[in-house]
Each structure stands twice: as structure tokens, then as C-alpha cells.
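Below is one structure, written out as C-alpha cells; comments come after it.
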Protein chains: 4
Amino acid sequence: MNARSSTRYEWILDAALALFVERGYHGTAVPAIAERAGVAAGTIYHHFASKEALVNALFQLWKHRIVHAVHEHFPATGTPREQFRTIWNEMARFALAHPAAYSFLEFHHHGAYLDDANKELDGGLKRFAAEVVAHAQTQGFIRPAEPQLLMELVFGAFNGMMRAHYEGRLVLDEARLALAEASCWDSVRA
Amino acid sequence: MNARSSTRYEWILDAALALFVERGYHGTAVPAIAERAGVAAGTIYHHFASKEALVNALFQLWKHRIVHAVHEHFPATGTPREQFRTIWNEMARFALAHPAAYSFLEFHHHGAYLDDANKELDGGLKRFAAEVVAHAQTQGFIRPAEPQLLMELVFGAFNGMMRAHYEGRLVLDEARLALAEASCWDSVRA
Amino acid sequence: MNARSSTRYEWILDAALALFVERGYHGTAVPAIAERAGVAAGTIYHHFASKEALVNALFQLWKHRIVHAVHEHFPATGTPREQFRTIWNEMARFALAHPAAYSFLEFHHHGAYLDDANKELDGGLKRFAAEVVAHAQTQGFIRPAEPQLLMELVFGAFNGMMRAHYEGRLVLDEARLALAEASCWDSVRA
Amino acid sequence: MNARSSTRYEWILDAALALFVERGYHGTAVPAIAERAGVAAGTIYHHFASKEALVNALFQLWKHRIVHAVHEHFPATGTPREQFRTIWNEMARFALAHPAAYSFLEFHHHGAYLDDANKELDGGLKRFAAEVVAHAQTQGFIRPAEPQLLMELVFGAFNGMMRAHYEGRLVLDEARLALAEASCWDSVRA
DNA sequence: AATGAATGAGGCTTCATTCAT
DNA sequence: GATGAATGAAGCCTCATTCAT
């Protein structure tokens, strides 16, 4: 789950990600993951205790990565406007660079098989964003409303845009991303 | 063979909806649907040719209902602002009255098993909304940007809000719905 | 099983015969018989206690008919040559007039579900033929060999010919039937 | 995946042969084959894609064997009488050594599930025999009649004899086989 | 008698997991 | 560690039979 000697570990994670996104967790057979990864079915069980352990490892890996990407670039001392834009841009960069991973994290229901650690992880980014909103409100930059509500609206808008992009209904370039970001800022600014 | 006459037909649809939302299509066993519906497993096959036919019937039924609800109340001669608010409110009324159905329609990947008729149906509401946006732009009420992009942002925001509500992170009452609607209007208005 | 008030009884027998020949007993579903017969599935159970009772009734009906046809025209006082030809011709007439029935009787394994009465019936025609052979041997018309063996050879030849005809590998007309009959007579005559 | 290497492969074929002969293809459940073979039900699907693939493999295997046995000993330069006797004897040897296989090949209707390759295979031996007959006719050894008809009569007689033997109505020893062969030759010789 | 929806046992097949090599 | 054949529980579906109408 961290540095692993074998690169097969990563082959398996990559194959599982692709298949889970394509066909869902329950719709994906372990032997199918093995075949796509180019390893034997038994090999998966040398690296993961079960199919459930595999999906949890996968979720944790990518959730950590996106959280890290957002936190790493977050301008703690910037203006709320800058902070908003930075979070938006980092998430867009991530979602465009790793479409399968973002789709897996955001557009699939994992409730039935995620372990507690991952359920805790899942809400982290949104809690952080809600805090940023709340702080910006104290400075008067963002309209006075439940931070939770505003945050869910913006994340939802972002996800709607990304999903439309993934599904081919929308082409996302720099200009459109900036326009969308500005629109969303307008929906929350004071 | 399966006119809406039989109540079992509806028991099965209701049970399938609940389970598909809970555990996903592939995660739901046909005998589990039968048990929840209070019928024998074989009975499902008197009403639906297959599990796939069942999920398609379910999708079509509810998609028709929400499309109907939105179209029925759409103020064709109203101002764009009124039109926007009406669509928002009708969708909210529907999503709050039928949480499982809305969740099933919007928060699940159906790509692998939806038939062509349903794939066609799926995009209908969004195409309609994009047209409304485009028309409002010609009158100068909505900012000049791709209608498709603006529409996906607003639908996404709505869905983010609904999902947060369903998952217990947000309480939605009249006031919050109105506030959210106003926020989203601000994200697209000229 | 004899004169029945309802003609549905016969529709069912006819449909069952056609399907059993096409797909075998185990390969034929009772609802499929009902559909082909143009009756409801439940109706079959007003006329037959079970699928097994149906197949037994069918077997008995047609076995009786062919036995009757052969016996009716058998020239008890004729020469063995006449007797041989008559049996051959009667069976050919029957097999050509009722291909499905003959195929059902002779080319399908019924061992697993025939009742005792039918198992007894099954051997009747062959026992009769063996007796005819034995009697002809006492008069020196047929070569001295086990009647049972000669009879099975001739019946086998007849069946091989009929099957080839049914399966389209052979066209049977009067001339060919006569030629085949003469050939078979040559295989047993003194 | 299923080279003849694994003994289980053969266990399964043997079990399937015995059961198909006893109860027919549709009357035989895959789990029953597994049980008789002494393997798990799932194991069958490591060696055969489906029940239908299994029955086709079985048919092909034994059809190849009998064709090979007949061709291997066929005296291409012998007299028609020798050729006739050789084919008869080889088939008898085979049919007595492998009663289940011969019964499976000749006494069951496979039309519904045999693949094209097997349908092609099926007619091979008979086509060969018809050619032998036709060639013998050109030399004046066999009476002038359709080779196809004479051949079907002889094969039919052979099958009638074998079936009577299998079903206990006839005991076949060397003397009786020779007698039957001579009888059949008499039915076709000039 | 006739219907056909309903039943549920059982059939074919898949698949998460194990284990001998 | 790696393999992949083997397992058997469980999944989707069929079908002989029943029963309320």
C-alpha cells in the first residue's frame, strides 16, 4: 500500500481502476482484473487479502493523491478568491490528468464495501472546503449562507462539468475551465 | 403480458429500485429483489424478460415521470428567471418526493446495460434545459457562454446539493432550496 | 386415450409429438407444447396427469396404430415372401404417412420414462416378426439362422433407410422401396 | 487451457458419455456429470466453454476414433468382398469395445446442438462407404442400385443388430457376426 | 373445462478464493 | 512470490406444476 517491491502491485491497481470505472465493483470479476493486469488470478491474493481489500486500497490511494494535490498548492495566505481559484484549478488538473481515478472516486457508490478509514477519508476534502468557505465568509467575501450548502453546490457544479466532459458532452479547455470557475465564484461571492 | 395491471409488477419495480440504489445493479441479486417484493423469483420473469429488461423498464418509468413533471409545469411564456426557478423547483419537488428514484436516475452508471431507447431518453431533459438557456441568452438574460456548459454546471450543483441531502450532510428546506436556486441563478445570469 | 370429447386432447398430442421429435422429451417444455397446441399450459394438466403421462399416452397411441396397421393387412395364409413384402410395405406406408410418429417411436430413447405397459408394447411388433421368420424357416423359405438376428437386421435396414429419407439423404419412391425390399429379402431368404 | 494433458478432462468426457447415453443430452444435468466424474461442477467449465461445447467435443472425439479405426484397416487394394467384410468387422470390433460411444454416436439425435464441424464429420463414414459401393458396382460385384440406398440399408442392418445386442435382445459372438455380415452382403451383391 | 399468472426447485454458468506446483 | 487449475457457493434463468378465476 506504500512502496512495494513488485510493480505487479501497481499493474493490478491500474487494471482494477479501469475495470471498476467501466463496469462497477460488483460487475468486475477478479480474474478479469488479473487478465487485464497481465498476472495470474492467484497473484492478486498475494498483494490483497480480498477483492474488498483491493477496492479499499485503490480508493485510499487516489483519495490521498487528490487531497494531497489540493493541499499542496493551497494558498493559505491568499485571498479567498485566489483560494477558490486554486482549489478549482488543482482539482481540474487532477481530474483531467486522471479521469478514471476521478470518476472512480466521485461517480461511484462505494458505501457497501468501503472500510471505516476510507469513509473517514472520503469527507475530508469537503470538510476542508467548507472551512475555507466559512473563513471567507467571516471576511465578507462570500455570501452569508450555510458553508456546507455553498460548498456542495460548487463541488456539484464541478462534478457535473467533469462528468459531461468524461461522457463526451462537453469539451474542456483552459478558457472553458476559467469561465466555469468564474461562474461558480459568482454563485457564492458576496 | 405485463400491463401495469398486476400489482406484482409494481412491487417488483419498487423492490428493484430500492435495492439497485442500495447496492447497485450488479450487486443486487434477482432473488433478493423477489424476496423484497414478496414474490417468487420466477414471478419476476413473467413480468420482465431478464434482469436487464427490468432495470431498463425501471429507468424508463422514472425518467418519463421526471421529464413529465418538469415539462408539465414549464412556463413557456414566462421570463427566463421564472423558467429557471420553475425547473429548479419541480426537480427539487420530484427529488425530495422520490429520493430513491432520483438517486437511481442520476447517481448510478447505467451505461453498460441501458438499451438505446433509454440512452436516448437520458439526455432529453438536459437538451431541453440547454435550449432554454440558449433562448434566454438571445434575450440577454443569461451570460454569453456555451449553453451546454452553463447547463451542466447548474444541473451539477443541483445534484451535488441533492446528494448531500440524501447522504445526510445537508438539510433541505424551502429556505435553503430558494437560497441555492438564487446562487445558481447568479452563476449564469448576465 | 380413446375417444375424447375435446379435440384439444389431440391438439396437445400433435404438438407434443412434433416437439418431442424436434428437441427430445427433456428438451421440450410443457409450456412450449401448450403454445404449439394453441391451449393454455394448465389445460394440458386437465388431460394428462403429468408430462410423463403425456409422453406415455403418445407412445402408446402411435405404437398401437402401427401394430394395428401391420396386423390388419398381414396375409396369414400367404407365402412367406408375400408376408415379408406386406409387412415391409405396411410399415413403409405408415412411416411415410406419419414421419414424426415413426421417428418418435423408433429413433428416440424412451427408456427413462416409459411405463411398464409401454415397455411391453414396444417389443410386440418385433416378436411377431420373429415368429413369422421362424415359421418361414420351418418351411425352408428363410435361411437357418436365429430368427431374432435376421429380424433385427431387416428392421435395422428398414430403419436406416427411413432415417436417411427423413434426414434428406435419400428420396424414397415406389421403385426404391421395392428395390430395398428385394434387397432385404435377399439377405434372409434361403 | 484444455490439452488432453489433464486426466480430469478425460474423466469429464467419460462421465458425460455414460450419462448422455443413459438419459440423453437434455436429460443430463451438468452437476450430475461433475459428480460422476468426481470433480466440482465449476471444473467442467475450465475444460469446456459450455455443456454444448462438451457434447461437441465428445462427439468429435469418438467420431474421429471410429473413422480412424475403419480407415486404418481398409484394404484399398482388396476385393469388394474383402472391403465389405473389413468395414463390417472393424465397426463391430469398435462397437463392441465401446458400446457407450457407439450408442452415443449412432442412436441419439444430436441435430439441435452439434456444431458445423461435427455435422460435416458426421456424414464422413457414410460418404466413404457409398463411394466404396459405387466403385464395387463399376466392377460388377454389387448390384446396380443407388449406392446411397444400399449403403443406408447395410448400415441400418448393422445398427439394428448392435442396438438389439446393447439392449439384451441378441447375443453377438463371432459366428453370429459372420452370419450377419454374410446376410448383408447377400442384400447388396450382384 | 379452460386459463395463465404464480411458484420454487433445479438447471447452466460465473466467480471469489484456495492451494499444489 | 507467481501461477492457474480447482473448488463450490451463489447468480440468472427455466420449467413442471398448481390454483384462483
Side-chain angles (χ1 to χ4, degrees), chain A residues 4-6 8-9 12 26-35 37-54, chain B residues 1-3 5-9 12 26-35 38-54, chain C residues 4-6 8-9 12 26-35 37-54, chain D residues 1-3 5-9 12 26-35 38-54:
Chain A
R4 280 276 174 162
S5 56
S6 172
R8 278 166 218 266
Y9 181 83
I12 293 166
H26 290 294
T28 300
V30 172
I33 298 171
E35 190 185 11
V39 304
T43 301
I44 289 182
Y45 289 86
H46 283 290
H47 294 281
F48 304 93
S50 65
K51 187 183 180 185
E52 200 166 312
L54 167 55
Chain B
M1 173 215 293
N2 54 12
S5 57
S6 170
T7 56
R8 275 162 221 264
Y9 182 84
I12 293 165
H26 289 295
T28 300
V30 171
I33 298 172
E35 191 183 10
V39 303
T43 300
I44 289 182
Y45 292 89
H46 280 280
H47 295 281
F48 304 94
S50 64
K51 188 184 179 186
E52 198 167 315
L54 166 56
Chain C
R4 280 275 175 166
S5 56
S6 174
R8 278 165 218 265
Y9 181 82
I12 293 166
H26 289 294
T28 300
V30 172
I33 298 172
E35 190 186 10
V39 305
T43 301
I44 289 182
Y45 289 86
H46 284 288
H47 294 280
F48 304 94
S50 65
K51 187 185 181 186
E52 199 167 312
L54 167 56
Chain D
M1 174 216 295
N2 54 13
S5 59
S6 170
T7 58
R8 274 162 222 263
Y9 181 84
I12 294 166
H26 289 295
T28 301
V30 171
I33 299 172
E35 190 183 10
V39 304
T43 301
I44 289 183
Y45 291 87
H46 280 281
H47 294 281
F48 304 94
S50 63
K51 188 184 179 185
E52 198 166 315
L54 167 56

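In what follows, every chain begins at residue 1, and chains take the letters A, B, ... in the order their sequences are listed. Keep in mind the model is a prediction, meaning the values are calculated, not measured. Atoms considered below: every heavy atom in the structure, side chains included; atoms not considered: hydrogens, waters and symmetry mates.
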Tell me whether the side-chain N/O atoms of [X] come closer than 4.0 Å to OP1 or OP2 in [N].
X: Arg8(D); N: dT7(F); value: yes
X: His26(C); N: dA16(F); value: no
X: Tyr45(B); N: dT14(F); value: no

How many whole angstroms separate atom [atom1] of [X] from atom [atom2] of [N]?
X: His46(D); N: dT7(F); atom1: NE2; atom2: P; answer: 9 Å
X: Glu35(A); N: dA5(F); atom1: CD; atom2: P; answer: 12 Å
X: Ile12(D); N: dA5(F); atom1: CD1; atom2: C1'; answer: 11 Å
X: Ile44(D); N: dG11(E); atom1: CD1; atom2: P; answer: 13 Å
X: Leu54(D); N: dT13(E); atom1: CG; atom2: P; answer: 10 Å
X: Ile33(A); N: dT17(E); atom1: CD1; atom2: C1'; answer: 13 Å

Return the nearest nucleotide to the side chain of [X]; candidates are [options].
X: Ala41(B); options: dT3(F), dC13(F), dG4(F); value: dC13(F)
X: Pro31(C); options: dA16(F), dA2(F), dG4(E); value: dA16(F)
X: Lys51(B); options: dT13(E), dA6(F), dC12(F); value: dC12(F)
X: Ala29(D); options: dT7(E), dA2(E), dC12(E); value: dC12(E)

Heavy atoms only: give me the nearest [X]-[Y] pair and the separation to one decimal.
X: Ala53(C); Y: Ala49(C); value: CB-N, 3.9 Å
X: His47(B); Y: Ile12(B); value: CD2-CD1, 3.9 Å
X: Lys51(D); Y: Thr28(D); value: NZ-O, 2.7 Å

Practice task
Determine the stems involving DNA chain F; a stem requires 3 or more consecutive pairs of the Watson-Crick or G-U wobble kind, each with both distances below 3.5 Å, and the answer is none if no such run exists.
Solution key: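 Listed by first number, the stems are E:2-21 with F:2-21.
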Practice task
Output, in order, the C-alpha distance, side-chain angles, deciding distance and verdict of side chain to side chain contact (heavy atoms under 4.5 Å, CB included) for Leu54(C) and Val30(C).
Solution key: CA-CA 10 Å; Leu54(C) 167 56; Val30(C) 172; over 6 Å; no
Practice task
Hey, which sits more toward the 5' end of DNA chain F by its nearest nucleotide, Glu52(B) or Gly42(D)?
Solution key: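 The 5'-side residue here is Gly42(D).
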Exercise for the section: Using the closest heavy atom to pick a nucleotide of DNA chain F for each, name whichever of Ala40(D) or Ala32(C) lands nearer the 5' end. Expected result: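 Nearest-nucleotide comparison on DNA chain F picks Ala40(D).
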Exercise for the section: Identify whether any heavy atom of Val30(B) sits under 4.0 Å from a base atom; if not, whether one sits that close to sugar-phosphate; answer base, sugar-phosphate or nothing. Expected result: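 Contact class for Val30(B): sugar-phosphate only.
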